Amino acid sequence: MPEQSADALFAPFNLGPITLANRIVMAPLTRNRATHGTDVPHELNATYYSQRATAGLLIAEATQISPTGKGYAWTPGIYSPEQVAGWRLVTTAVHAKGGKIFLQLWHVGRFSHPALQPGGQLPVAPSAIAPVDQKTFLEDGTFAPVGTPRALERSEIAGIVDDYRTATRNALDAGFDGVEIHAANGYLVDQFLRDGANKRTDDYGGSVANRLRFAQEVIAAVSEIAGPERTGIRISPVSPASGLSDSDPSAVFFPLVDAIDAAGLVYVHVIEGATGGPRDVAPFDYHALRKRFRGAWLVNNGYTRETAIDAIASGYADLVAFGKPFIANPDLVERLRRNAPLNALDTEHLFGGGAQGYTDYPALESAAR
Ligand code: 8OZ
């Protein structure tokens, strides 16, 4: 491939009302470094994100919209005034460096544990079906099986949709440029979509149209507050993440993307293959999916400099998200520009802890010393 086509990756992009400096996006990455006990973001988190502000867009890590939306120790929330103030530190630091940042809105559904839930209650889900052989980790640092959730009463669902609305308002108050609905990786929205996790007999389960209902209500609620032009969504059509199963992903995700298109969301963020794993885990026609959406197409999973350039230059994608490379390389954009070597990932300090393996990765100049 001629080197000049690399320019495609570094060209600005208009994402709704905001202009991104380049096509490189920092994927949302769970790091479990919020304040213990309150799930409030703090200065260290602001440093981490601002170090990476040269990304065209940062998508801040999955953030629970309510106490019941939590499934792991020390993940941040966006439902208390203290959390909003903590996130404001992050957005202010990123904006000071000229960056743009969205917040990923998260409800884990069944992927939780009573010890992480208010009042030690069971986690909630579309149906009382446990994920297969899944563990999470608790605030005492131990791992525990996620167990069987409680099926939501139909009358409870509108309250959760309302929590998305409130969380969106809070995210905007905190200074985010927009929000991403987390509909991927086996969490609550994904659980409603899949026939392996959703066995409801009311109008939220059964037919594809019914299984899409919750996602569509969340999309409507979030975009009512943020505007569709500041609302994106992340999906993972074939990822077996969190032990999720589904008999026919195309039957769900083609009409879902049609609904996202009709709602006018600004981007679809698609994880191709198994999240953080093999891209070829199951066949799926991503190009056909892409053709159904008129907005920006953001792709993710195992992209390299070469495959990212190709995805943009060929016109398949508008934006490419990088996960692990952004953890280890705060200046990933500059490294990709120069085709410079990347730092190795410190896998010991991914989840929880302090600055080590978080804000201490060297940028190019200091790496060269
Ligand atoms: C890794 C560990 C915990 C959570 C996801 C939010 O997969 C996550 C997550 C990833 O979307």
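Order of appearance sets the numbers: ligands from 1, and atoms from 1 within every ligand. Keep in mind it's a predicted model, so treat the numbers as computed, not measured.
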Less than 3.5 Å apart, which donor and acceptor atoms pair up between the side chains of residues 8-21 and the rest of the protein, not counting sequence neighbours?
| from | atom 1 | to | atom 2 | distance (Å) |
| --- | --- | --- | --- | --- |
| Asn14 | OD1 | Thr19 | OG1 | 2.9 |

Aromatic contact, Tyr48 with Tyr358 (centres under 6.0 Å): yes
Residues in contact with ligand 1, criterion: heavy atom under 4.0 Å: Thr30, Ala62, Tyr72, Trp106, His182, Asn185, Tyr187, Phe351
Quick one: which residue pairs count as a side chain to side chain donor-acceptor pair (under 3.5 Å) with a foot in residues 253-276, not counting sequence neighbours? Glu180-Tyr267, Glu180-His269, Asn185-Thr275, Arg234-His269, Ser239-Thr275, Asp258-Arg292, Asp261-Arg294, Glu272-Arg279, Glu272-Tyr303, Glu272-Tyr316
Sort out for me which residue in Leu188, Leu152, Val108 forms a side-chain contact (heavy atoms from CB on, under 4.5 Å) with Val124. Leu152
Tell me every residue that passes ring pair (Phe, Tyr, Trp, His ring centres under 6.0 Å) with Phe326, counting only those two or more places apart in sequence or in another chain. none
Are Glu139 and Lys70 ion-paired here, with the side-chain N under 4.0 Å from a carboxylate O? yes
